[in-house]
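Report on the structure given below.
A, B, ... follow the sequence lines: proteins, then strands. Residue 1 opens every chain.
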Amino acid sequence: MKDIQGTHRLHLLDQTLDLLPQRAIYWREEQTLIVADVHLGKAQTFQRAGLAVPGDTLMHDLARLEEMLAATSAQRLLVLGDFVHHRSGLTSAVREIICEWCNRLNTELRVILGNHDRPNRHFLAGLPLVLQDISWQCGPFEFAHERIASDRFCFIGHLHPVLTLRTLRLPVFAFYSDHCVLPAFSYFTGGWPIERSKLIQAFVPLEDEILVCSIGHA
Amino acid sequence: MTRRRTLSDTQPNPDPWSRIGAWFHEQGWQPLPFQRAAWQAQSAGDSGLIYVPTGSGKTYAAVFGAIARLLENPEPQNSGLMLLYITPLRALSRDVEKAIAKPCVDLGLDVRIETRTGDTKASLRRRQKKGLPPILITTPESFALLLSYPETQEQFRQTRFVVMDEWHELAGGKRGILLELGLARLRNFAPELQTWALSATVADPPGSARLAVGTGRAPNIIKADIHRPVFLRSLTPDHVDAFPWAGHLGLAMRDKLVADLDIQRSTLIFTNTRYQAEKWFQEILDARPEWAGLIALHHGSLDQRTRDFVESGIKSGLLKLVVCTSSLDLGVDFPQVERVYQIGSPKGITRTMQRAGRAHHRIGESCEITCVPTHALELLEFAATRNAIQKGDVESRSRLQKPYDVLAQHLVSCAAGGGFLADALFQEVKTAASYADLSWQEFQWVLALVEHGGANLNSYSEYHKIAADDAGIYRITTMRLGHVHRMNIGTINSDAQLKVKFLRGKSLGMIEEGFISRLKKGDRFVFSGRTLELFRVEDDTVLVRLSRKKSHAITKWPGSRLPISESLSAELRELLSQDAKNNPSPELTAVATILERQAQVSAVPHAQQLLVEICQTREGHHLFLYPFEGRLVHEGLAPLLAYRFTQLVKASFSLTVNDYGIELLCREALPYEQMLKPELFTIENLASDIIASMNISNMAKRQFRDIARITGLVNQNYPGRRHLARQLQASASLLFDVFQRYEPENLLLRQAEREALDQFFEQSRLQRTLQRLAASQLLIRQVPHPTPFGFPLLTERVSSHLTNETIAERVAKLARQWSLNS
């Protein structure tokens with residue numbers, strides 16, 4: 001398997017984690033691709049409300065996921081919540097596209113329910129995927145949408161973490177002593193400045209490389 | 001309401017104009033020649049522009065034509081809307097209502113005079129929905145709103161007169177352009193409509209008039225033969241040597257200013273930014289604590305109640321001194337104001353005259369403005385401003401050409417307000433002067449944008465805002481979309497604002513989200529005349545406490561840094577050419593030692609020369625150029641020159657600009673003398689060089705914020721369900737990125753780019769500057785250390801963020817050096 005260009009490899013608790021510039025983590029030992037906050041149908045939500053935003057994000061994000069799955073030969077796609085955005089964006093056309101995509105995948109699709117997913121549980125339950133309510137434990141890790149009490153190292157989403165540099169806002173993988181926050185996978189998402197206290201490591205995914213930030217202490 | 005029996009009542013069936021003349025006589029007034037000329041033109045059915053200095057009776061010049069017509073009518077109350085009066089400020093509408101009501105009442109005219117603004121009560125709005133009064137006073141936004149209701153079309157049918165006040169403030173900008181489109185619509189509904197615009201002095205009266213009356217008729221331009229000489233006086237420092245040569249906020253003049261103030265005489269002190277207003281207010285209060293209660297602060301971010309209180313305080317005489325920003329530039333009449341000060345350069349001739357005119361609001365008197373410099377070179381700007389005023393120079397305001405975002409919003413309003421046919425609306429839109437050369441293709445693009453969302457129909461499958469029925473009439477598709485559109489009509493641009501409140505709940509005003517986002521808990525900032533400490537940000541509210549410490553570590557607003565205008569730049573260059581000895585203005589005398597030093601170490605350039613200084617310090621190799629053309633042009637010129645240099649030699653520059661010049665700083669020594677040739681300033685390939693040298697994308701992104709708001713992509717107000725509103729939050733910046741990624745050919749992006757080039761760099765002004773520099777004599781000086789002209793640029797560099805590296809390079813560099821402090 002060839003490495004994706006720009007991957008940054010980390011070792012954590014004896015596990016090999018590849019940070020990918022396309023805003024995902026590939027866990028080699030489990031052959032699992034991990035993303036958070038996909039927000040499918042967000043552009044369509046805007047369109048239904050009369051805001052003319054291009055709807056290409058839907059197909060583009062699904063295609064990106066498919067490409068990464070192929071490139072890594074992953075056996076499982078794990079979504080840390082907010083797979084879909086809002087009921088108003090889940091029109092019949094959009095539902096069809098998502099359904100068709102899920103059915104085409106050869107990999108296991110596991111979705112941990114996020115706050116945006118819960119009102120759309122009925123739709124998600126009809127898709128060929130495994131739904132997890134709060135969290136999922138695997139190996140030495142625990143995976144959730146939002147921060148939970150755990151005795152394992154956690155991977156979460158929900159926060160759409162960004163680093164702010166004067167007027168620039170860059171998505172970031174934020175590592176703390178006991179958890180990691182993934183950046184939002186979809187490009188059509190805003191973000192919130194990360195919590196800097198107790199931050200251990202930060203990685204910025206650019207188009208085709210990962211920037212490693214060094215952390216100083218005052 | 002009973003009316004007085006007056007002279008004008010005694011004659012049976014008197015002609016309206018003689019009754020009006022008699023009314024004037026009763027007030028002890030004599031109609032002025034320009035007023036008579038205006039009334040004649042109105043009686044003859046003309047439309048046009050009346051331009052006079054403020055406070056000179058222009059309101060009456062504009063409205064008596066309508067009043068005369070109402071007087072002729074036996075049943076004026078049932079005539080429908082006769083006079084529509086549009087004023088840009090809500091606050092002004094109350095004064096206008098009073099001014100119009102007086103003659104109506106005195107002349108026995110029994111008509112409803114109502115206002116319609118954002119403040120109008122719901123009960124009155126409902127009544128107006130059923131029928132508009134004969135005289136309606138409103139704002140441009142409320143007018144646009146009325147046009148978006150289907151029933152208003154019928155109500156506007158009898159409108160005879162529309163008056164636009166303070167037209168110079170609106171003309172050429174997006175607010176004025178939206179109004180032009182609305183007026184074109186109104187003319188369609190009411191073919192007999194006469195349009196009259198009231199304006200302060202403008203550079204191009206025919207152009208301004210054409211914008212007001214549309215392309216359908218020739219405007220009658222009426223000028224008042226009134227002279228209000230403006231005298232500019234500068235406060236000069238006692239010792240120029242101890243005076244800061246640079247710095248944006250020199251408080252060194254504080255004591256001199258305070259000594260010059262007279263608390264017995266009503267005074268306005270203008271500043272250029274809110275931060276300066278806050279700072280100077282505090283400084284004056286510190287120096288004269290006994291004046292507390294007599295002095296106040298006024299700027300756009302303060303709570304409306306506070307602003308109202310200050311405005312009525314000036315009028316009543318309770319408040320004697322107000323430190324303000326451009327918030328008090330417009331119209332509200334302050335006849336009591338006797339003295340006007342300006343801190344820092346007003347950066348423009350028109351603005352200076354306008355502010356001087358705030359004092360002694362009576363016809364015929366001269367006005368004086370006292371300017372307070374915050375650094376030495378500003379004294380030169382004051383002298384140049386005086387010269388320009390004496391010459392009668394007036395800046396011409398830049399005009400936007402057929403902006404798509406405003407048209408898009410107007411189309412939706414028309415769809416909601418009864419519907420439209422594409423062909424007919426196209427013809428109507430073209431009668432608005434700003435869209436006179438709109439092509440059918442462009443109109444189709446914008447219509448497609450509003451109807452389908454974008455060029456690729458597949459990308460917008462869920463978007464349905466307006467649609468045509470079988471007859472081809474475009475209407476809005478759902479009532480809800482109509483509601484949302486109406487809640488967001490207008491073009492007034494504002495950053496996302498947060499409320500500022502004390503913990504105990506007292507509201508202080510509004511502040512930009514961008515500013516607060518840079519602060520953390522405990523940080524101090526100055527606002528509303530107090531030093532505050534940030535406690536917490538909750539949703540859309542910033543909770544603050546009074547800061548007990550009086551520290552100097554106070555976060556500044558970036559504020560809008562106005563550039564010096566083109567006319568003033570030219571005047572400044574002329575001034576430098578003059579010999580101080582032959583022309584002893586007090587300002588030149590005050591800075592004589594500085595100019596002498598500059599001449600000794602380097603040179604003082606004439607208007608036909610371009611001074612270039614080369615200097616080496618510990619920081620590196622500096623190249624200073626002094627085009628004296630204003631910050632905005634320099635912001636375009638600096639990267640352009642850097643780019644052209646790097647075509648000759650590989651180098652990386654740090655760039656700094658101010659109103660006077662440019663600094664390029666490089667680590668390596670470069671053969672500047674060889675590189676400085678006239679070809680450097682060629683206008684060949686200008687457009688492509690600008691695009692190559694600038695991160696146009698970033699500039700366009702800033703412009704896009706405005707456009708996104710006007711087209712409704714970023715809506716601030718939603719009726720009802722708040723949780724849905726939360727799902728629709730996306731910053732304009734994010735939307736820009738999405739468009740760039742998925743639909744780079746989108747019209748709105750193009751408009752953003754065009755506006756960025758035109759407005760930010762005043763592209764044509766940049767071109768004129770290059771032509772001038774190419775023809776200038778180059779004065780190149782090697783200097784041992786930075787000169788008086790160069791020093792301000794050195795200190796400016798700390799806050800500058802221009803470079804000629806790409807964003808990605810900068811990010812990579814910064815990230816590699818980055819220290820994230822816990």
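- Taking every heavy atom of both residues into account, A/Ala52 and B/Gly453 meet most closely at CB-CA, 3.7 Å.
- The neighbour count for A/Arg48 CZ, taken as heavy atoms of other residues, nucleotides or ligands under 6.0 Å away, does not exceed 12.
- Contacts between A/Thr57 and chain B at a heavy-atom distance below 4.5 Å involve backbone atoms as well as side-chain atoms.
- Rounding to the nearest 0.5 Å gives a distance of 13.5 Å between CD of B/Glu462 and CG of A/Leu51.
- Put simply, CD on A/Gln47 and OG on B/Ser459 are 8.0 Å apart, with the number rounded to the nearest 0.5 Å.
- When all heavy atoms are compared, the tightest approach of A/Pro54 to B/Val738 is CG-CG1, 4.0 Å.
- Shortest non-hydrogen contact noted between B/Tyr742 and A/Asp61 is OH-OD1, 4.4 Å.
- With a 4.5 Å cut-off on non-hydrogen atoms, A/His60 touches chain B through its side chain but not through its backbone.
- Judged by distance alone, with hydrogens and angles left aside, the side-chain atoms of A/Gln44 form no donor-acceptor pair with the main-chain N or O of B/Ser461 at under 3.5 Å.
- Options A/Ala43, A/Gly190, A/Gly55, A/Gly191 differ in how many heavy-atom pairs under 4.5 Å they form with chain B, and the most are formed by A/Gly55.
- Around the CD atom of B/Glu745, the shell of radius 6.0 Å holds more than 12 heavy atoms that belong to other residues, nucleotides or ligands.
- Contact between B/Arg741 and A/Tyr187 at its shortest, heavy atoms only, is NH1-CE1, 3.3 Å.
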